[in-house]
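Here the structure is laid out as C-alpha cells; the discussion comes afterwards.
As a basis for the values below, the full set of heavy atoms in this structure was taken, side chains included, without hydrogen atoms, waters or symmetry mates. Because the structure is predicted, anything quoted here is derived from the model rather than measured.
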Amino acid sequence: YYETSPIEVGTAKLASEVADVTAQNAIVVGGPCANAAAAALMGNPANCAEGFTEGKAMVKLVESANGKVALLVAGASAMDTRRAARVLADYAKWQEKGVLKGMEVEVAGTSFTDITVGAPMPKVVAPAPVVEAPVVPPANNSVS
C-alpha cells in the first residue's frame, strides 16, 4: 500500500533558497557536487564524488533527528540522476516489480530504456595498509 500526496505549485526551491534541508520534508534532486542540499544530507563529504560510479544513481531516504525525511535522488552524472528521477516518475511500474524496497535503491543503466533498479551494492572498504616497525638492533651491553 502506498499513498500519494500532490505537491502544490510553487513549493519547488533551489538548494540555495533552503537554509536547512533537514528542517522540512524534502525531495532533493542532484548529487553533492551540484546541489548544496544533497551535500548537507550526505554529511558534506570532502570529495563530493566519493561513492558515486558512472552509470549508477541512488534513490535514498534520509531521516533527520527531528523526524523530517528527505528523498535524495543523486547520480554520478546529470544523466544518471535523470534516470533515477525517471524511476520515481514511473513509481507504479517499479513498485509493481517489487524493487522499490528499503531505505535506498540503486538505479543503473546507460539510457532511458535499459534501466535496472535494485539494492545498492555493498561499499568495498579497502583494508588499512600494514605498517611494519623498523628492526632496531639491540644495544651493545658488553663492557670492554
Side-chain angles (χ1 to χ4, degrees), residues 1-139 141:
Y1 170 78
Y2 65 92
E3 181 178 327
T4 59
S5 299
I7 299 174
E8 295 179 25
V9 174
T11 57
K13 295 183 179 186
L14 297 174
S16 61
E17 298 172 318
V18 178
D20 180 7
V21 69
T22 64
Q24 63 267 315
N25 294 321
I27 298 173
V28 178
V29 179
C33 294
N35 186 323
L41 289 173
M42 296 183 73
N44 293 306
N47 175 1
C48 64
E50 185 176 343
F52 288 93
T53 303
E54 193 68 33
K56 295 183 179 178
M58 69 171 70
V59 176
K60 181 177 183 175
L61 287 173
V62 181
E63 295 180 3
S64 299
N66 62 4
K68 300 297 182 182
V69 178
L71 179 63
L72 177 61
V73 183
S77 68
M79 182 57 84
D80 295 332
T81 300
R82 289 178 63 198
R83 223 177 343 273
R86 176 73 56 97
V87 168
L88 290 181
D90 294 335
Y91 180 83
K93 168 187 164 184
W94 293 99
Q95 185 61 27
E96 273 182 21
K97 292 182 179 192
V99 295
L100 297 178
K101 299 179 194 175
M103 297 294 286
E104 181 178 358
V105 295
E106 182 177 86
V107 177
T110 57
S111 70
F112 288 132
T113 59
D114 74 339
I115 298 172
T116 60
V117 179
M121 296 299 294
K123 306 285 188 250
V124 177
V125 179
V130 176
V131 179
E132 295 184 23
V135 176
V136 179
N141 293 333

Any side-chain heavy-atom pair from M42 and L72 closer than 4.5 angstrom? yes
Under 4.5 Å between any side-chain heavy atoms of L100 and V87, yes or no? yes
Taking all non-hydrogen atoms of both residues into account, name the closest pair between [X] and [Y] and its distance.
| X | Y | answer |
| --- | --- | --- |
| G75 | F52 | C-CD2, 3.7 Å |
| T81 | G30 | CG2-N, 3.9 Å |
| G55 | D80 | N-OD2, 3.0 Å |
| V69 | L61 | CG1-CD2, 3.8 Å |
| A39 | P45 | O-CD, 3.9 Å |
| A15 | A36 | CB-N, 3.9 Å |

My understanding is that only one of V105, I115, V107 makes a side-chain contact (heavy atoms from CB on, under 4.5 Å) with W94; could you say which? I115
[X] side, atom [atom1]; [Y] side, atom [atom2] - distance, nearest 0.5 Å:
| X | Y | atom1 | atom2 | value |
| --- | --- | --- | --- | --- |
| M103 | L71 | CE | CG | 10.0 Å |
| E104 | M58 | CD | CE | 5.0 Å |
| K68 | D20 | NZ | CG | 11.0 Å |
| R83 | T116 | CZ | OG1 | 9.0 Å |

Listed by chain and number, what are the side-chain contact (heavy atoms from CB on, under 4.5 Å) partners of Q24, not counting sequence neighbours? V18
For the side chain of N35 and the backbone of A38, is there at least one donor-acceptor N/O pair under 3.5 Å apart? yes
Looking at S111 and T113, would you say the former's side chain and the latter's main chain have a donor-acceptor pair under 3.5 Å? yes
Check the pair V59 / V117 against side chain to side chain contact (heavy atoms under 4.5 Å, CB included), numbers first and verdict last. CA-CA 10 Å; V59 176; V117 179; over 6 Å; no
